[in-house]
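Inspection log for the structure reproduced underneath, given as structure tokens.
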Amino acid sequence: MLERTQARPAVRPGPPLRERVEAAAREAAPALLAYAAVRLTGLLVLTVAAAAGGRDVPEVLSRRWDAVWYARIAEHGYGYTVLTPGGAHSDLAFFPLLPALERLVSALVPVGPGGAGLLIGWTASLVAAWGIYAVGARLHGPAAGTVLAALWGATPTGFVQSMAYTETLFTAFAAWALYALLTGRWPEAGALAALAGLTRPTAVAVVLAVAVPAALLLARSWRAGIPGRMLPRLHAPALAGLALAPLGLAFYALYVAVRRGDPFGYFAVQAGWGNGLDGGRALAAFVHLQLRAHPPAGLALCAALGLLGWLLLLSVRQRQPLPLLVYSFTVVAVSLAGSGYFGSKPRLIMPAFPLLLPAAVVIARQQPARATLICAVAALVSAVYGAVTLLGPGPP
């Protein structure tokens with residue numbers, strides 16, 4: 001007598017990757033439109049102000065300050081140094097991914113490195129806004145994710161998101177790395193952290209956002225009595241992410257060390273620019289100077305620092321997931337503890353988008369008309385500030 005075999009239910013394959021991406025893009029469309037509206041407001045105000053002053057907007061966005069250094073690296077490679085009384089300013093201080101992409105885009109599209117930098121920056125800004133929306137929507141729903149993306153575009157230094165700078169490219173990697181961590185995709189998070197490490201030194205925040213939760217996961221398993229020899233098999237994805245995350249930073253630091261023949265060459269390069277970690281002494285000295293020489297500006301600076309501390313506190317009270325807290329605190333700490341030019345610090349802090357999550361949740365709970373008005377006012381204020389800054393003499 002033949003035994004009857006029980007038929008196994010057929011495993012239905014999930015939708016193809018392309019369909020999943022298209023569905024996610026449709027879901028994120030309102031957030032991307034809101035973000036694009038904010039940034040277009042900034043560009044419109046800048047265009048009007050530039051026309052009044054006889055300035056060229058593409059030139060302002062792609063051929064000023066750090067953007068010039070990235071374009072030069074894209075055209076000629078590394079090896080350029082400017083000697084000033086303040087030190088030797090080497091182009092090795094600038095990380096390689098953006099100029100490499102500028103060179104690639106220039107070879108494919110009839111634009112120069114500066115124009116390619118703008119195309120990369122604008123594209124990366126939409127990818128970053130999408131990732132920011134994904135993080136906010138996963139934690140607090142689509143409305144909060146949409147507002148979060150719009151608020152990030154309306155930060156005071158949001159104008160940098162329209163420039164040939166690395167902030168948007170870095171934030172795109174960081175946002176999607178954090179989203180990968182929230183969804184348990186450790187290897188993807190590690191790979192994105194490695195790419196961020198080829199973009200900006202602030203990538204140490206993304207690396208720690210991967211490393212700290214992975215280390216805690218392993219520690220909990222060890223305390224639960226799981227033998228150490230079993231941990232690699234049990235937590236292989238987390239270990240893969242942990243191994244991948246620092247590779248970008250390590251690769252570039254090694255490249256600079258070999259090129260300069262100095263194991264600490266990267267830090268020597270940064271010192272030539274006056275950059276280095278001093279625990280916040282330079283910041284404290286700058287605040288003290290402003291309070292003595294320009295009391296209103298000093299008080300405004302203290303208020304801004306107080307607001308930043310309050311946003312960090314709100315993030316903790318909101319019980320944000322550990323990767324987001326590690327990322328935000330590290331971005332802020334690295335930015336404020338450095339001895340570099342103070343005027344750039346707000347720009348360096350801009351990628352810490354989780355700081356805006358408490359406000360995004362509150363605004364998303366308002367009536368749609370009120371929420372839209374709040375975001376519109378923020379966008380207009382950001383646009384005016386951006387136009388004044390970009391058309392002024394000081395670097396962002």
Side-chain angles (χ1 to χ4, degrees), residues 65-107 113-114 116-117 120 124 164-167 169-174 177 187-211 214-215 239-278 330-331 333-335 337-341 344 348 351:
W65 303 312
D66 290 1
V68 177
W69 287 85
Y70 288 115
R72 183 179 181 86
I73 296 168
E75 287 184 292
H76 307 290
Y78 286 107
Y80 181 70
T81 300
V82 175
L83 298 177
T84 69
H89 295 180
S90 168
D91 58 6
L92 288 169
F94 298 91
F95 278 53
L97 187 55
L98 177 59
L101 292 175
E102 288 180 342
R103 187 165 189 167
L104 175 62
V105 172
S106 296
I120 294 165
Y165 267 45
T166 57
E167 274 73 14
L169 187 62
F170 169 77
T171 306
F173 292 135
E188 290 90 333
L192 288 165
L195 290 171
L198 294 172
T199 309
R200 292 189 60 77
T202 324
V204 66
V206 192
V207 174
L208 289 178
V210 176
L239 288 172
L242 184 60
L244 288 170
L247 291 183
L249 283 172
F251 169 81
Y252 190 61
L254 179 61
Y255 170 79
V256 177
V258 171
R259 187 177 179 105
R260 292 178 63 92
D262 177 3
F264 302 102
Y266 173 74
F267 299 101
V269 167
Q270 291 293 345
W273 283 82
N275 297 327
L277 295 179
D278 64 359
T330 306
V331 169
V334 170
S335 301
S339 58
Y341 175 66
S344 297
L348 302 180

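- Counting heavy atoms from C-beta on, the side chains of T166 and Y70 come closer than 4.5 Å.
- In terms of heavy-atom proximity, A193 sits nearest to A177 at N-CB, 4.5 Å.
- The side-chain heavy atoms of W69 and V82, taken from C-beta on, include a pair separated by under 4.5 Å.
- In plain terms, the two heavy atoms of A67 and Y165 that are nearest each other are N-CE1, 3.6 Å.
- In this structure, L92 CG and T81 OG1 are separated by 7.0 Å, a value rounded to the nearest 0.5 Å.
- Looking at every heavy atom in both residues, P351 comes nearest to E167 through CG-CG, 4.4 Å.
- In terms of heavy atoms, G248 sits closest to L198 at O-CD2, 3.6 Å.
- With ring centers used as reference points, F95 lies 6.0 Å or more from F251.
- Atom CG of L254 sits about 13.5 Å away from atom CZ of R259, to the nearest 0.5 Å.
- Distance check: L169 CG to L98 CG gives 6.5 Å after rounding to the nearest 0.5 Å.
- Residue R103 holds its CZ atom at 11.5 Å from CD1 of I73, rounded to the nearest 0.5 Å.
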Walk me through whether L192 and V206 qualify under side-chain contact (heavy atoms from CB on, under 4.5 Å). CA-CA 9 Å; L192 288 165; V206 192; over 6 Å; no
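- For Y255, the OH atom is densely surrounded, since the number of other residues' heavy atoms within 6.0 Å is greater than 12.
- Summarising the geometry, atom OH belonging to Y252 is positioned 9.5 Å from atom CZ belonging to F94; distances are rounded to the nearest 0.5 Å.
- What you find for E102 and A74 is that their closest heavy atoms are OE1-CB, 3.7 Å.
- Here the shortest heavy-atom pairing between V256 and V269 reads CG1-CG2, 4.1 Å.
- Between the CZ atom in F173 and the CZ atom in R200 there is a gap of 13.0 Å [rounded to 0.5 Å].
- R72 forms a cation-pi arrangement with Y80, by the criterion of a distance under 6.0 Å to the ring centre and an angle within 45° of the ring axis.
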